[in-house]
Number of protein chains: 2
Amino acid sequence: MAFFRGRYLHSLDAKGRVAIPQRFREVLGGGDEALRLVMTVDPEGCLVVYPEAVWQELEEKWESLPQMNDELKTYLRFMVGWASDGALDRQGRILVPPPLREYAGLEHDVWFVGVLQNFEIWNGDRLEKATGRDRVRSVTQKLSGLF
Amino acid sequence: MAFFRGRYLHSLDAKGRVAIPQRFREVLGGGDEALRLVMTVDPEGCLVVYPEAVWQELEEKWESLPQMNDELKTYLRFMVGWASDGALDRQGRILVPPPLREYAGLEHDVWFVGVLQNFEIWNGDRLEKATGRDRVRSVTQKLSGLF
DNA sequence: CCACATTCCCCCACTTTTCCCCACGAATCA
DNA sequence: TGATTCGTGGGGAAAAGTGGGGGAATGTGG
């Protein structure tokens, strides 16, 4: 299994396009088909991008859950409601739809961050706050039970 | 099982490359295949380097945990988000990507420090602060229950 | 149903980074 | 003192990221 790893600084051009880091394209392209992906938002304030196959597994899981649950409905309104699917253009870029761009506060410089099964797209300042050393140290304490 | 031990002063060249100490290469190359490794960051402010096999075990463990957990997500954003995998070039060097170089404050002189299963790469001043006698003395006290 | 504006995607061109390869110098050992 | 090993430096081809022009597609308003 190949995973998304690492962080890369890329730039969103005037047309709202960004190049996906080459390393991420390799992971996406397990078999070298179309490289389709689904992009949505994360409550932390960034965008999340899934390979289409991974996203579809999530959808099936959601489908199988009790649909009357209000919390689930709220969650789906968020995750699915923001979702945008697309493919890479021939230069390996994706187009970030204006609402998503605005949600994540993306200007010219954006960070790609790999987190195993998917990757995220961040505004630099927000990323720094979310992954600062202090924050990580305190989180590590709480996790120590898990592994 | 061979372990990483000792400290070595090497230099990062203008292109961001450093030679891995020969003793470490021997440990990495249990069988003399590709010598692949994964480099990431540590909250203490240095870089950590794992043989690829060791790193993959970590990833598998993380994958098996509940993915909705916010603390885990923060942790992965940090550990995996900074990770960079690579191989040694024919001179036994690795390329330290600019974001990692900056994170760890690496300039020309860098220290390699072996810590059993993995090794670290340090800026000299930071290493001195992190391993000063006073600090180690106080830490040793707290450990006395463990062994 | 037809103009018109807008969005999207292809192509091309430029710059920067990465990764080969070769070569030098210091240290070690015979 | 020659030979080998190890760390260091640089040249150059290839790859990756960036930006812009223009045609096709889409959607909107008359």
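Just so it is clear: chains get the letters A, B, ... in the order the sequence lines come, proteins before strands, and each one is counted from 1. Please read these numbers as outputs of a predicted model, since none were measured by experiment.
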Quick one: [X] [atom1] to [N] [atom2], roughly how many Å, whole number?
{"X": "A/R101", "N": "C/dC8", "atom1": "CZ", "atom2": "C1'", "value": "12 Å"}
{"X": "B/L95", "N": "D/dA16", "atom1": "CG", "atom2": "C1'", "value": "14 Å"}
{"X": "B/L88", "N": "D/dT8", "atom1": "CG", "atom2": "C1'", "value": "16 Å"}
{"X": "B/F24", "N": "D/dC6", "atom1": "CZ", "atom2": "P", "value": "15 Å"}
{"X": "B/Y8", "N": "D/dG7", "atom1": "OH", "atom2": "P", "value": "9 Å"}
{"X": "B/D13", "N": "C/dT18", "atom1": "CG", "atom2": "C1'", "value": "12 Å"}
{"X": "A/R23", "N": "D/dA15", "atom1": "CZ", "atom2": "P", "value": "15 Å"}

Report yes or no: is there a donor-acceptor pair, N or O only, under 3.5 Å between the side chain of A/R17 and the base of D/dG20?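 Side chain to base: pair found, below 3.5 Å.
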A/D42 backbone acceptor or donor facing A/Y103 side chain under 3.5 Å: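 Yes, because the side chain of A/Y103 sits within donor-acceptor range (under 3.5 Å) of the backbone of A/D42.
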Residue pair B/H10/B/A14 against DNA chain D: nearer the 5' end by closest nucleotide is B/H10
Of the nucleotides [options], which one has an atom closest to the side chain of [X]?
{"X": "A/K15", "options": "D/dG20, C/dT18, D/dC6", "answer": "D/dG20"}
{"X": "A/R25", "options": "C/dC22, D/dG9, D/dG17", "answer": "D/dG17"}
{"X": "B/Q22", "options": "D/dT8, C/dC12, D/dC6", "answer": "D/dC6"}
{"X": "B/R93", "options": "C/dC10, D/dA16, C/dC21", "answer": "C/dC21"}

B/E63 and A/Q117 side chains, donor-acceptor separation under 3.5 Å: yes
Is the phosphate of C/dC10 approached by A/R90 (side-chain N or O, under 4.0 Å from OP1 or OP2)? no
Any A/H108 side-chain nitrogen or oxygen under 4.0 Å from OP1 or OP2 of D/dG19: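 So the side-chain polar atoms of A/H108 do come within 4.0 Å of the phosphate oxygens OP1 or OP2 of D/dG19, strictly under.
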Residue whose closest nucleotide on DNA chain C lies nearer the 5' end, B/Q91 versus B/P98: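 It is B/P98 whose nearest nucleotide is closer to the 5' end.
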Checking all strands, does [X] fall into the base, sugar-phosphate, or nothing category for heavy-atom contacts under 4.0 angstrom?
{"X": "A/D89", "value": "sugar-phosphate"}
{"X": "A/I20", "value": "sugar-phosphate"}
{"X": "B/L9", "value": "nothing"}

Worked check of ring pair (Phe, Tyr, Trp, His ring centres under 6.0 Å) between B/Y8 and B/F112: CA-CA 5 Å; B/Y8 302 87; B/F112 283 79; 7.7 Å; no
With side chain to side chain contact (heavy atoms under 4.5 Å, CB included) as the test, would you mind laying out the steps for A/T131 and A/L127 before giving the verdict? CA-CA 6 Å; A/T131 61; A/L127 176 59; 3.9 Å; yes
Check B/N118, B/L28, B/I121, B/V38 against B/V49 for a side chain to side chain contact (heavy atoms under 4.5 Å, CB included) and give me the one that passes.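 By the side chain to side chain contact (heavy atoms under 4.5 Å, CB included) criterion, B/V49 pairs with just one of B/N118, B/L28, B/I121, B/V38: B/I121.
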